[in-house]
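Values below: every heavy atom of this structure, side chains too, minus hydrogens, waters and symmetry copies.
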Amino acid sequence: MIREYEVKLRVSDLNNVREVLTRLGKFVRNYLEKDYYIDFRKCLGVRGEDTVFRVRVRVIGDVEEGELTIKGPKEYYYGIKVRDEVNVRIEKPEEVVRILKKLGVKVLEVVKVREEYVLGKYRVLLDNVYRLGNFIEVEIPEVEDMSKAKEELDKLLKDLGVTGELISKSYAEMIMELGGCDE
């Protein structure tokens with residue numbers, strides 16, 4: 001199990017951030033991601049409203065990768081979202097989603113084009129999310145002092161020219177608000 005530390009902000013234009021990241025950081029790759037968020041509560045009576053079960057399909061060029069993830073409840077420290085996460089690689093992720101749908105679970109699909117950069121110790125993601133728009137996510141490595149991490153993060157966002165309020169909702173939560181769940 002790993003501990004995930006991240007922040008997210010909505011941005012109107014990814015080009016400005018991309019230019020700064022290209023100068024200051026290192027481009028890693030871009031890819032398409034389809035995330036299927038699975039809601040077991042209806043069919044199995046599972047509780048844990050803030051627990052996430054996700055099947056991810058990542059398409060990099062002609063290569064498709066699959067991943068199964070469970071994330072624990074969210075905690076917030078200085079605006080940084082923290083949660084436990086377990087990831088397992090899987091083959092045929094779309095088939096796993098079909099099986100789950102046949103079991104009667106609700107499935108929410110989130111589709112995004114993602115660009116991945118590394119800037120120092122940070123992983124910076126530029127996302128164009130279908131139906132939602134443009135976002136920047138910054139993943140922070142293991143944190144010992146949350147106050148210091150927040151200061152470093154504020155400086156990083158300033159260096160990138162990104163301002164605005166940190167978003168606590170996940171993409172899935174934002175799409176749910178738009179009314180977007182399959183049966």
Side-chain angles (χ1 to χ4, degrees), residues 1-11 14 18 27-76 80-118 122-141 166-183:
M1 180 177 330
I2 62 172
R3 198 98 160 122
E4 175 186 62
Y5 300 86
E6 71 175 29
V7 295
K8 178 187 318 166
L9 293 96
R10 184 181 299 270
V11 293
L14 292 174
R18 185 181 295 115
F27 174 76
V28 177
R29 60 187 176 171
N30 61 349
Y31 44 90
L32 172 73
E33 277 187 347
K34 290 191 279 183
D35 292 335
Y36 297 95
Y37 292 87
I38 312 300
D39 184 353
F40 284 112
R41 291 174 294 175
K42 182 179 175 186
C43 67
L44 301 176
V46 175
R47 293 282 181 232
E49 284 73 21
D50 197 25
T51 298
V52 173
F53 184 81
R54 176 186 72 205
V55 176
R56 172 171 280 170
V57 180
R58 181 177 294 127
V59 181
I60 306 168
D62 294 336
V63 178
E64 182 178 285
E65 300 174 351
E67 184 177 76
L68 187 62
T69 300
I70 187 161
K71 294 184 180 195
K74 292 178 269 195
E75 301 170 29
Y76 293 94
I80 300 170
K81 180 171 63 173
V82 181
R83 64 192 323 175
D84 291 330
E85 180 177 309
V86 177
N87 299 296
V88 178
R89 289 191 182 275
I90 58 172
E91 289 187 38
K92 302 182 181 179
E94 302 274 3
E95 290 297 316
V96 171
V97 172
R98 273 193 274 288
I99 290 168
L100 292 168
K101 284 182 175 181
K102 287 207 178 274
L103 291 173
V105 298
K106 289 183 178 181
V107 177
L108 173 73
E109 183 177 338
V110 176
V111 179
K112 63 184 168 270
V113 175
R114 174 168 269 185
E115 295 174 51
E116 184 178 339
Y117 294 83
V118 174
Y122 299 98
R123 183 172 174 235
V124 182
L125 306 165
L126 304 183
D127 291 340
N128 179 279
V129 184
Y130 177 68
R131 296 178 64 197
L132 296 178
N134 298 319
F135 297 84
I136 179 174
E137 282 191 16
V138 179
E139 293 184 358
I140 305 163
L166 299 178
I167 297 173
S168 61
K169 293 180 183 175
S170 68
Y171 297 138
E173 290 169 314
M174 288 185 252
I175 288 181
M176 284 295 292
E177 290 174 352
L178 297 175
C181 202
D182 295 342
E183 292 297 325

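Nearest heavy atoms, T51 versus P73: OG1-CD, 4.2 Å. When all heavy atoms are compared, the tightest approach of P93 to E65 is CG-O, 4.3 Å. Taking all atoms of both residues into account, the shortest heavy-atom contact from V107 to K101 is CG2-CG, 3.5 Å.
Checking side-chain atoms of R10 against main-chain N and O of L132 turns up a donor-acceptor pair under 3.5 Å. Using modelled atom types, no side-chain atom of R58 and backbone atom of E33 make a donor-acceptor pair closer than 3.5 Å.
A heavy-atom distance below 4.5 Å is not found between the side chains of Y130 and V113. The closest side-chain heavy-atom distance from I140 to Y122 is below 4.5 Å. Within the 4.5 Å cutoff, the side chain of L166 has heavy atoms near those of the L9 side chain. Residues M174 and I167 are in side-chain contact: their nearest non-hydrogen atoms beyond the backbone lie under 4.5 Å apart. Contact check for V124 versus I136: side-chain heavy atoms found under the 4.5 Å cut-off. Proximity of E94 to Y36: side-chain heavy atoms (C-beta onward) are separated by under 4.5 Å at one or more points. A 4.5 Å side-chain heavy-atom check between D35 and T69 finds every atom pair outside the cut-off.
The existence of a salt bridge linking E67 and R54 is confirmed by a sub-4.0 Å separation between a basic side-chain nitrogen and an acidic carboxylate oxygen.
The side-chain tip of K8 points at the ring of Y171 from less than 6.0 angstrom away and within 45° of straight on.
Between atom NZ of residue K112 and atom CZ of residue R131 there is a gap of 14.5 Å, rounded to the nearest 0.5 Å. From Y37, atom OH reaches atom CE of M176 across 12.5 Å, with rounding to the nearest 0.5 Å. We find the CD-OH distance between E64 and Y31 to be 14.5 Å, quoted to the nearest 0.5 Å. Summarising the geometry, atom CD belonging to E4 is positioned 7.0 Å from atom CD1 belonging to I2; distances are rounded to the nearest 0.5 Å. Summarising the geometry, atom CZ belonging to R83 is positioned 7.5 Å from atom OH belonging to Y76; distances are rounded to the nearest 0.5 Å.
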Begin from the C-alpha positions of K34 and E109 and carry the test salt bridge (charged side-chain N to carboxylate O under 4.0 Å, His left out) through to its verdict. CA-CA 7 Å; K34 290 191 279 183; E109 183 177 338; 5.3 Å; no
Could you walk me through whether N134 and L126 pass side chain to side chain contact (heavy atoms under 4.5 Å, CB included), step by step? CA-CA 7 Å; N134 298 319; L126 304 183; over 6 Å; no
List the steps, then state whether side chain to side chain contact (heavy atoms under 4.5 Å, CB included) holds for F27 with R18. CA-CA 9 Å; F27 174 76; R18 185 181 295 115; over 6 Å; no
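The ring pair (Phe, Tyr, Trp, His ring centres under 6.0 Å) contacts involving residues 91-111 comprise nothing, where partners must be two or more places apart or lie in separate chains.
Applying salt bridge (charged side-chain N to carboxylate O under 4.0 Å, His left out) to E85 and the options K74, R56, K71, R3 leaves one that passes, K71.
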